[in-house]
Amino acid sequence: MKEKLEYTNIFESITDDSTLAADLQFRSDVLMTLIDIFEDKGWKQAQIAEALDIAQPRVSELLRGKISLFSSDRLIGYLAKLGYRLRPSVDEDHKVICEVEMEAA
């Protein structure tokens, strides 16, 4: 019988480096958050390119989930350009939570 592999982070299946797996998961989460924001706004690629001040081919890579092409810093910067920030904190059960919130105008 084959051993069943279980992962808490899908990226652990492609690397033995837990730090890299965590970074890939973080970038994936931020990228998906950006895509959700774009969808909520109903933006087309040209509008996204203008808002982020990037070329339209780069927007296409972003929307196709090419996480290897975007650093964590770059993705956080995109959130900031849209008026959002990541707010990590620790809850009463000592669990780390991270919220994406709109900056006060």
Side-chain angles (χ1 to χ4, degrees):
M1 187 170 166
K2 290 187 177 184
E3 179 182 340
K4 182 179 177 183
L5 300 175
E6 293 185 25
Y7 301 100
T8 56
N9 174 342
I10 190 64
F11 295 104
E12 291 172 345
S13 67
I14 62 171
T15 181
D16 291 331
D17 182 342
S18 62
T19 302
L20 176 58
D23 181 58
L24 290 168
Q25 183 64 62
F26 177 77
R27 287 190 279 159
S28 175
D29 291 342
V30 175
L31 191 141
M32 294 306 298
T33 300
L34 284 163
I35 290 171
D36 287 345
I37 291 168
F38 303 147
E39 288 176 355
D40 284 349
K41 293 180 178 290
W43 284 355
K44 304 288 185 210
Q45 286 193 18
Q47 293 166 299
I48 297 167
E50 183 177 334
L52 299 180
D53 193 27
I54 60 175
Q56 200 158 339
R58 195 76 168 146
V59 173
S60 179
E61 294 167 344
L62 186 69
L63 296 177
R64 289 184 304 165
K66 302 280 187 172
I67 61 171
S68 63
L69 301 178
F70 299 92
S71 68
S72 297
D73 291 348
R74 176 69 42 108
L75 293 169
I76 291 168
Y78 290 162
L79 280 174
K81 283 185 176 192
L82 299 175
Y84 294 88
R85 70 174 275 212
L86 288 177
R87 186 178 179 100
S89 61
V90 177
D91 69 11
E92 61 275 356
D93 296 324
H94 307 286
K95 292 182 183 176
V96 175
I97 56 173
C98 189
E99 298 174 324
V100 176
E101 60 185 34
M102 192 77 168
E103 291 278 328

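Index from 1, following the sequence. Note that the coordinates shown come from a computational prediction; the quantities given were computed from them, not determined experimentally.
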| said: Just verifying a value: how many Å separate Q56 CD and E50 CD, rounded to the nearest 0.5 Å? | reply: 11.0 Å

| query | Which atoms form the tightest heavy-atom contact between A55 and A49, and what is the distance? | reply | C-CB, 4.4 Å

| Contact summary for S28 and I67, nearest pair of heavy atoms | CA-CG2, 3.9 Å

| Whether over 12 other heavy atoms sit under 6.0 Å from R74 CZ | no

| query | Any donor and acceptor pair, going by atom type alone, linking the side chain of T33 with main-chain N or O of D29 inside 3.5 Å? | reply | yes

| Which atom of R58 lies closest to which atom of L69, heavy atoms considered | NH2-O, 2.8 Å

| By side chain to side chain contact (heavy atoms under 4.5 Å, CB included), which residues pair with E39, not counting sequence neighbours? | I35, D36

| Atom pair NZ (K44) and CG (L63), whose distance is rounded to the nearest 0.5 Å | 11.5 Å

| said: Surrounding NZ of K81 (heavy atoms of other residues, nucleotides or ligands, distance under 6.0 Å), is the total greater than 12? | reply: yes

| Verdict with supporting geometry, L79 and I37, side-chain contact (heavy atoms from CB on, under 4.5 Å) | CA-CA 9 Å; L79 280 174; I37 291 168; 3.8 Å; yes

| task | Enter the distance from L31:CG to F70:CZ here, rounded to the nearest 0.5 Å. | result | 7.0 Å

| Test item: D91 side-chain N/O and D93 main-chain N/O as donor-acceptor pair under 3.5 Å | yes

| remark: Excluding V90, membership of its hydrophobic cluster (Ile, Leu, Val, Met, Phe, Trp, Tyr; side-chain heavy atoms within less than 4.5 Å) reads V96

| Which residues satisfy the salt bridge (Lys or Arg N to Asp or Glu O under 4.0 Å) test with E101, sequence neighbours excluded? | R87

| About how many Å separate CG of L62 and CG of L52, when rounded to the nearest 0.5 Å? | 7.0 Å

| task | Decide yes or no for V30 and Y78: does some side-chain heavy atom of the first lie under 4.5 Å from some side-chain heavy atom of the second? | result | no

| query | If Ile, Leu, Val, Met, Phe, Trp and Tyr residues are connected whenever their side-chain heavy atoms lie under 4.5 Å apart, and connections chain through other members, are L75 and M102 in the same group? | reply | yes

| Run the side-chain contact (heavy atoms from CB on, under 4.5 Å) check on L82 and L34 step by step: do they pass? | CA-CA 9 Å; L82 299 175; L34 284 163; 3.8 Å; yes

| message | Could you tell me if the side chain of F26 sits less than 4.5 Å from the side chain of I76, heavy atoms only? | response | yes

| said: Can you tell me how far apart CZ (R27) and CE (M32) are? Round to the nearest 0.5 Å. | reply: 15.0 Å

